[in-house]
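First comes the structure, then the notes that go with it.
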Amino acid sequence: MEVQYEIRGGDFSAAGQASSEIKKLLKQFNIDPQIVRRIAIALFEAEVNVVAHAYKGIMKADIDTDSIRVTVEDEGPGIEDIDKAMEEGFSTASEAVRQMGFGAGMGLPNIKKNVDEMILTSIPGSGTCLKMKVLF
Amino acid sequence: MKTNLKKLAADLDFEPLSGINLLDRIPQSAYVSDLLSDVIGKAQPGMLWITSQVHKNIVAVASLKELSAIIIVNERQIDDEVVKHAEDEGVVILASHLPAFETAGKLYIYLNRAE
């Protein structure tokens, strides 16, 4: 089963909608609630990253019998140094974003902790693509 | 018997702003932070969350982590839209009239005494 949601850059009032929809969908299946929680956390962080950093993005989820694969692709500034971005505490978020309590440099590490597979690629100046997989 | 949110709010003078019919929840400890990703990473389900953040995304975080309630400190004003969103998502918001340090201190004593 495939679903996809658009994410608008800069729109914090809508941030979390896509991940919330996917969480609701997963709750209808017979999946361990702890696994659903892990997926929801990873998707929320990924969604907030697009809202905080990119111009727009798309979250695509492919739900299978034994796993979920999610791709979050955005058009935006991209990431110059992915290893650095993965470090806890490193962030390039704006002051306005930090005021909201985001941009603490914990989003990507939080994603990594909650998924079984994570592949992050980026073309600086063009955009970022995050692929995640969680086994049920 | 463990204390529920209704008794806790009455005893500590926290004002319930949303989720009035969810106050039978039993809180499990608490977490203090204004960094949303910190809460997402470290808070445990059932915890109370003490924060001075009042924007809409706190509701998503509380729902995501299945926290028992958000406690807003410093008498910060919350938009009706945020309260409504919390109602829709089943998130309890309590307002404390004290700053975070005093709120956490009172709560720490209260929860340890109740247990």
Side-chain angles (χ1 to χ4, degrees), chain A residues 7-8 10-24 26-27 32-53 85-93 96-115, chain B residues 18-19 25 28 30-74 76-91 93 99-100 103-104:
Chain A
I7 305 167
R8 292 189 300 276
D11 187 357
F12 276 95
S13 72
Q17 274 177 9
S19 37
S20 170
E21 290 298 322
I22 295 172
K23 185 184 183 186
K24 278 178 200 154
L26 291 172
K27 277 187 168 175
D32 179 350
Q34 263 191 315
I35 292 176
V36 174
R37 204 179 298 144
R38 277 174 46 214
I39 296 165
I41 289 168
L43 298 189
F44 180 77
E45 292 282 20
E47 192 174 351
V48 166
N49 280 346
V50 174
V51 174
H53 296 283
M86 290 302 301
E87 279 177 19
E88 202 156 311
F90 178 82
S91 176
T92 59
V97 169
R98 288 172 200 263
Q99 289 282 340
M100 294 180 78
F102 293 115
M106 297 176 79
L108 288 172
N110 273 352
I111 293 173
K112 195 173 182 196
K113 269 179 229 156
N114 283 288
V115 299
Chain B
S18 73
R25 287 181 185 168
Q28 311 288 332
Y31 198 76
V32 191
S33 182
D34 288 337
L35 295 176
L36 275 64
S37 283
D38 178 35
V39 178
I40 291 172
K42 307 255 174 66
Q44 298 299 317
M47 277 185 167
L48 296 159
W49 172 23
I50 299 169
T51 184
S52 58
Q53 295 285 2
V54 289
H55 59 77
K56 201 175 166 190
N57 300 106
I58 59 172
V59 175
V61 171
S63 163
L64 206 60
K65 294 297 288 189
E66 291 159 32
L67 303 177
S68 53
I70 303 170
I71 301 175
I72 306 291
V73 297
N74 281 336
R76 298 211 42 189
Q77 293 301 308
I78 302 175
D79 285 349
D80 292 344
E81 191 198 350
V82 176
V83 172
K84 190 188 173 299
H85 187 48
E87 290 288 357
D88 293 344
E89 295 289 322
V91 169
I93 300 178
T103 302

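Values in this document were obtained by computation on a predicted structure and should not be read as measured data.
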Quiz prompt | From CD (B:E89) to OG (A:S20), nearest 0.5 Å | solution = 5.0 Å
Self-check item: Over all atoms of both residues, closest heavy-atom pair of A:F12 and B:N57
Solution: O-ND2, 3.0 Å
Practice problem: Mind ranking A:M100, A:M106, A:R37 by heavy-atom pairs under 4.5 Å with chain B and telling me who comes out on top? | Solution: A:M100
Exercise. Sort out for me which of A:R98, A:K23, A:K113 touches chain B most, counting heavy-atom pairs under 4.5 Å.
Key: A:K23
Practice problem: Would you mind telling me which of B:K65, B:K56, B:Q53 has the largest number of heavy-atom pairs within less than 4.5 Å of chain A? | Solution: B:Q53
Quiz prompt | Among the listed options B:V61, B:I58, B:L36, B:V39, the residue most often paired with chain A at heavy-atom distances under 4.5 Å | solution = B:L36
Self-check item: Other residues, nucleotides, ligands: >12 heavy atoms within 6.0 Å of A:R8 CZ
Solution: no
Quiz item: Does atom CG of B:D80 have more than 12 heavy-atom neighbours from other groups under 6.0 Å away?
Solution: no
Practice problem: Ignoring hydrogens and angles, tell me if any N or O in the side chain of A:N110 forms a donor-acceptor pair with the backbone of B:S37 under 3.5 Å. | Solution: yes
